[in-house]
Undergrad: 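One structure follows; several queries about it will come next.
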Amino acid sequence: MPPVVRFAPSPTGYIHIGNIRTALLNWCVAKRDGGRFILRYDDTDRERSREEYATAIAIDLAWLGMTPDLAVRQSQRMALYDAAAAKLRAAGLLYPCYESEDELERRRRRQMARGLPPVYDRAALRLTAEQKAAFEAEGRRRHWRFLLDHRNVSWEDGVRGHAHVDTASLSDPVLIRADGGYLYTLPSVVDDIDLGVTHIIRGEDHVTNTAVQIEIFEALGGAVPAFAHHNLLTTASGEGLSKRSGALSIGSLREAGFEPMAVASLAVLTGTAEAVRPVASLAALAGLVDLSRISRAPARFDPAEIETLNARLLHETPYAEVAARLEALGVGGGEAFWLAVRSNVVRLADAKTWWDVVTGPVQADAGDGDFLARAAALLPPEPWTEGTWSTWTDAVKAETGAKGKALFMPLRRALTGLDHGPELKTLLPLIGRARALARLGA
Ligand code: GLU
């Protein structure tokens, strides 16, 4: 059966390279086996969810080449969650609680002071009908907790191998807040059942949730999907990434001019057994994904690696793949120009800088006027090819006796205004005789 996966961001901020790691791993696992990729907006938190973030997430996914087969919003699926909650209540697995946040906090502190784990003590289960009525009369609003089974829940994790959590060590999770709103835990399971999700691939910060959610899957009579928890991307200093800081957001990387596949390659290959290298397409990247070869250690990366990968990717990119974008940048010269400059660009927009060098004007170089004038006189007639540079410089060498750096550097400076750049044998035919003569001061 082809896999059905989902990427389930909360639209409460701009997604970053760590979030996209999750999306990409899901995409790769689904698409290499002809499966489906669902985008699920976890937007039950009405206060923090924003339409602009939801839109930005869709744009980010599209930029990376991930078009969802289906997009759903939890905010539009409340009836399903209500039905599931009713089912759990009927089974005695969802119970009302009346404690305020403050009370819970005090209780946790007392437990910790006594060296006990701060686990909810299920006091609400022992309330009598009168006590509950009294709370309601006071105007207290109840929230609802799921009654964990207090057993060892285990699963074969796609990344971590055999995994287990004793749910007796956990607090019964709150599924419905006092304001009636659903926390993420229940809607996620309801949707995974309803949408036939077969694989849940998400960050290892969700391992504990998985034990809880497996109990909920079972309580609702749903098939338990396969789980895999990947390591989280952190910067080299070990810092986690935060949606709130906006750092390394996909939008900011796009605006900084990075290629989607540079970002995708880094996001997916960091922290795996594969060498981090630029991969040309998502399909090729999918071929490299093996969940069982993701490391258990944090996936550390240096944000500066994006530049390196971007450059390496562009150095291998064929003209046809960038032709339209080069044209939009106002870059001419066709394939010959791209092949001449691609190993000198870090970002695609750098090609424009080199195109400006070809078309000029270039920074005039005072240089050795006599040397340049003698060189100018030796410029062969057009048409020029890649061989023209060596024909010409051989002649200049024979005429002036200059060689090596003393021969090439003054010519490069005069022709390009710079002392570094793409090979002149490829640039010279693009610059052409008329411009070359002018730049040599002839
Ligand atoms: N909205 C959750 C998150 O962003 C989804 C986790 C999951 O994949 O189940 O962490």
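When a ligand or atom number is given, it counts from 1 through the structure's own listing order. Source: prediction; values computed, not measured.
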Undergrad: Among all protein heavy atoms, pick out the one at the shortest distance from atom 9 (O) of ligand 1; state its residue, atom name and that distance to 0.1 Å.
TA: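 Answer for atom 9 (O) of ligand 1: Y184 OH, 2.6 Å.
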
Undergrad: Could you name the option among A8, S10, G203 that has the heavy atom nearest to atom 2 (C) of ligand 1?
TA: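 Looking at heavy atoms only, A8 sits closest to atom 2 (C) of ligand 1.
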
Undergrad: Any idea which protein heavy atom is nearest atom 8 (O) of ligand 1, and the distance to it?
TA: R6 NH1, 2.7 Å

Undergrad: At less than 4.0 angstrom from any non-hydrogen atom of D42, what atoms of ligand 1 do you find?
TA: 1 (N), 2 (C), 5 (C)

Undergrad: Look at R48 together with D43 and state whether they make a salt bridge at an N to O cut-off of under 4.0 Å.
TA: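 Result for this pair is no, no salt bridge flagged.
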
Undergrad: Do F37 and W27 have their ring centres less than 6.0 Å from each other?
TA: yes

Undergrad: Has E218 got more than 12 heavy atoms of other residues, nucleotides or ligands less than 6.0 Å from its CD?
TA: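 Above 12, so yes.
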
Undergrad: Which bit of F7 is near ligand 1, meaning a heavy atom under 4.0 Å away: side chain, backbone, both or neither?
TA: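 The answer is neither; F7 stays 4.0 Å or more away.
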
Undergrad: With heavy atoms of R202 as the reference, note each atom of ligand 1 found under 4.0 Å away.
TA: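 Numbered from 1, ligand 1 contributes 7 (C), 8 (O), 9 (O).
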
Undergrad: Hey, is D350 close enough to R347 for a salt bridge, meaning N to O under 4.0 Å?
TA: no

Undergrad: When you compare ligand 1 with P9, is there at least one nitrogen or oxygen pair between them that comes in under 3.5 angstrom?
TA: no

Undergrad: Which residue supplies the protein heavy atom nearest to atom 10 (O) of ligand 1, what is that atom called, and how far is it?
TA: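 Result: H206 NE2, 2.8 Å.
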
Undergrad: Which residue, D42, T44, D82, forms the side-chain hydrogen bond (donor to acceptor under 3.5 Å, both in side chains) with Y182?
TA: D82

Undergrad: Check whether T272 reaches the backbone of I294 with its side chain - one donor and one acceptor, N or O, closer than 3.5 Å.
TA: no

